[in-house]
Amino acid sequence: MTPAPATNDQFGDIKTATLTHLEQHGCGCYPYSDGSLLATLTATAGAATVIELGTALGYSAAWFASTGAHVHTVDRDADHQHLARKALTGHRLANRVTFHTGEGSACLPTVAHLGADIAFFDGYPPTIAIVTALAATLRPGGLLIAGNMTLGGQAGQIRTQLATWQHTDLGETLLAVKPR
Ligand SMILES: C[S@@+](CC[C@H](N)C(=O)[O-])C[C@H]1O[C@@H](n2cnc3c(N)ncnc32)[C@H](O)[C@@H]1O
């Protein structure tokens, strides 16, 4: 059964397409639960550069890009990124997104010099190695948004590692500020 379109979500079409894709392929491309939270944090921070691990079909990238930030998004699934590019083009946001296709461990070090204002982890499962590589792309004072933190993997170790950063634990999502 095709999921019902999301209401009150300007990118609900991408979320619905992602859920349909997930249902058809069983590939784990769950769209982030609250895109407007991502955009609110990005706008509040005045973020110019966002680095994201986990493009899927572009739902979270669309919310980040809608604030005017430039998004560098990493995914090892080239089909997902192809669909994401189409979706973002449809919303006239593709010019604000740079796609990096490959493993996070290989791609993230190539963008670390950018010094992101926001880094977003939305891979599955959470692993300490990928979150550490993502955190290394942040400038001091930048915000790490770690999603999927209730889905097992190494979420507990990630929480421990980030305990010394200014942080707040929202359950599914952990927000942590990189020390200056
Ligand atoms: C939960 S989905 C991302 C959802 C997306 N952020 C959204 O809001 O629609 C996870 C995506 O991360 C990718 N992924 C997971 N682990 C990865 C890794 N280690 N390196 C690169 N891509 C990864 C998967 O291919 C998948 O497309």
Side-chain angles (χ1 to χ4, degrees), residues 3 5-6 9-42 47 50-67 69-91 93-94 96-112 116 118-137 143-155 157-158 170-175:
D9 184 340
Q10 61 179 307
F11 302 114
D13 60 314
I14 307 179
K15 187 173 239 183
T16 300
T18 308
L19 290 167
T20 301
H21 185 90
L22 169 66
E23 194 172 76
Q24 291 171 346
H25 299 274
C27 55
C29 64
Y30 295 92
Y32 185 70
S33 60
D34 187 353
S36 64
L37 172 66
L38 302 178
T40 302
L41 292 169
T42 307
V50 176
I51 296 179
E52 167 183 81
L53 186 286
T55 315
L57 273 65
Y59 176 70
S60 49
W63 275 103
F64 284 124
S66 73
T67 68
H70 193 93
V71 185
H72 289 262
T73 185
V74 174
D75 204 299
R76 62 184 166 212
D77 190 318
D79 291 338
H80 286 176
Q81 288 202 324
H82 174 71
L83 294 168
R85 189 186 294 276
K86 278 177 63 174
L88 290 159
T89 298
H91 282 275
L93 290 171
R96 293 203 198 127
V97 181
T98 302
F99 294 89
H100 304 264
T101 310
E103 275 298 323
S105 55
C107 293
L108 291 171
T110 70
V111 291
I118 290 185
F120 176 49
F121 173 81
D122 200 22
Y124 175 78
T127 67
I128 191 102
I130 295 293
V131 173
T132 299
L134 188 60
T137 71
L143 176 66
L144 176 67
I145 307 173
N148 299 333
M149 293 294 288
T150 52
L151 299 182
Q154 296 179 321
Q157 287 166 257
I158 293 163
L170 304 178
E172 176 198 355
T173 302
L174 181 70
L175 306 178

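Note that the numbering runs from 1 along the sequence shown for the chain. Atoms within each ligand, like the ligands themselves, are counted from 1 in listed order.
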Non-hydrogen side-chain atoms of I145 and F121 separated by less than 4.5 Å: no
Is there a side-chain contact between K15 and P31, using heavy atoms and a 4.5 Å cut-off? yes
Can I get a per-line list of side-chain donor-acceptor pairs under 3.5 Å for residues 50-65, giving both atom names and the distance, sequence neighbours left out?
residue : atom : partner : partner atom : Å
E52     : OE1  : T73     : OG1          : 2.5
E52     : OE2  : S60     : OG           : 2.5
T55     : OG1  : T73     : OG1          : 2.7
T55     : OG1  : Q81     : NE2          : 3.0
Y59     : OH   : D9      : OD2          : 2.6
Y59     : OH   : W63     : NE1          : 3.2
W63     : NE1  : D9      : OD1          : 3.4

Would a 4.5 Å heavy-atom cut-off, applied to side chains only, mark H100 and T98 as touching? yes
So is there a nitrogen or oxygen of T18 less than 3.5 Å from a nitrogen or oxygen in ligand 1? no
Would a distance-only check, ignoring hydrogens and angles, find a side-chain to backbone donor-acceptor pair under 3.5 Å from N148 to G123? yes
Contacting atoms of ligand 1, where contact means under 4.0 angstrom from a heavy atom of P31: 7 (C), 8 (O), 9 (O)
So, T16 side chain and D13 main chain: donor-acceptor pair closer than 3.5 Å or not? no
Touching ligand 1 at all, G102? Heavy atoms, strictly under 4.0 Å? yes
Going by the atom numbers of ligand 1, which of them fall below 4.0 Å from some non-hydrogen atom of E103? 18 (C), 19 (N), 20 (N)
Close approach of T55 to ligand 1, heavy atoms, under 4.0 angstrom: yes
For atom 17 (C) of ligand 1, the option (of R76, H100, E52) bearing the nearest heavy atom: R76
Taking only residues two or more places apart in sequence, or in another chain, which ones meet R85 in a salt bridge (charged side-chain N to carboxylate O under 4.0 Å, His left out)? none
N/O of D77 under 3.5 Å from N/O of ligand 1, yes or no? no
Starting from atom 27 (O) of ligand 1, find the nearest protein heavy-atom neighbour and note its residue, name and distance. D75 OD2, 2.6 Å
Is the distance between the ring centroids of H72 and H70 under 6.0 Å? yes
Polar contacts were defined as any N/O atom of the residue lying under 3.5 Å from an N/O atom of the ligand; does this apply to G104 and ligand 1? yes
Examine H80 against ligand 1 and note whether any of their N/O atoms are separated by less than 3.5 Å. yes
Polar-atom distance check: G54 versus ligand 1, any N or O pair below 3.5 Å? yes
Looking at atom 10 (C) of ligand 1, what's its closest protein heavy atom, distance included? D122 O, 3.2 Å
Min N/O separation Y30 to ligand 1 under 3.5 Å: no
Residue, atom name and distance, where the atom is the protein heavy atom closest to atom 8 (O) of ligand 1: Y32 N, 2.9 Å
Report the residue from D77, L83, D122, T18 that forms a side chain to side chain contact (heavy atoms under 4.5 Å, CB included) with C29. T18
Does D34 reach the main-chain N or O of L37 with its side chain, forming a donor-acceptor pair under 3.5 Å? yes
Closer than 4.0 angstrom: is that true for some heavy atom of G28 and an atom of ligand 1? yes
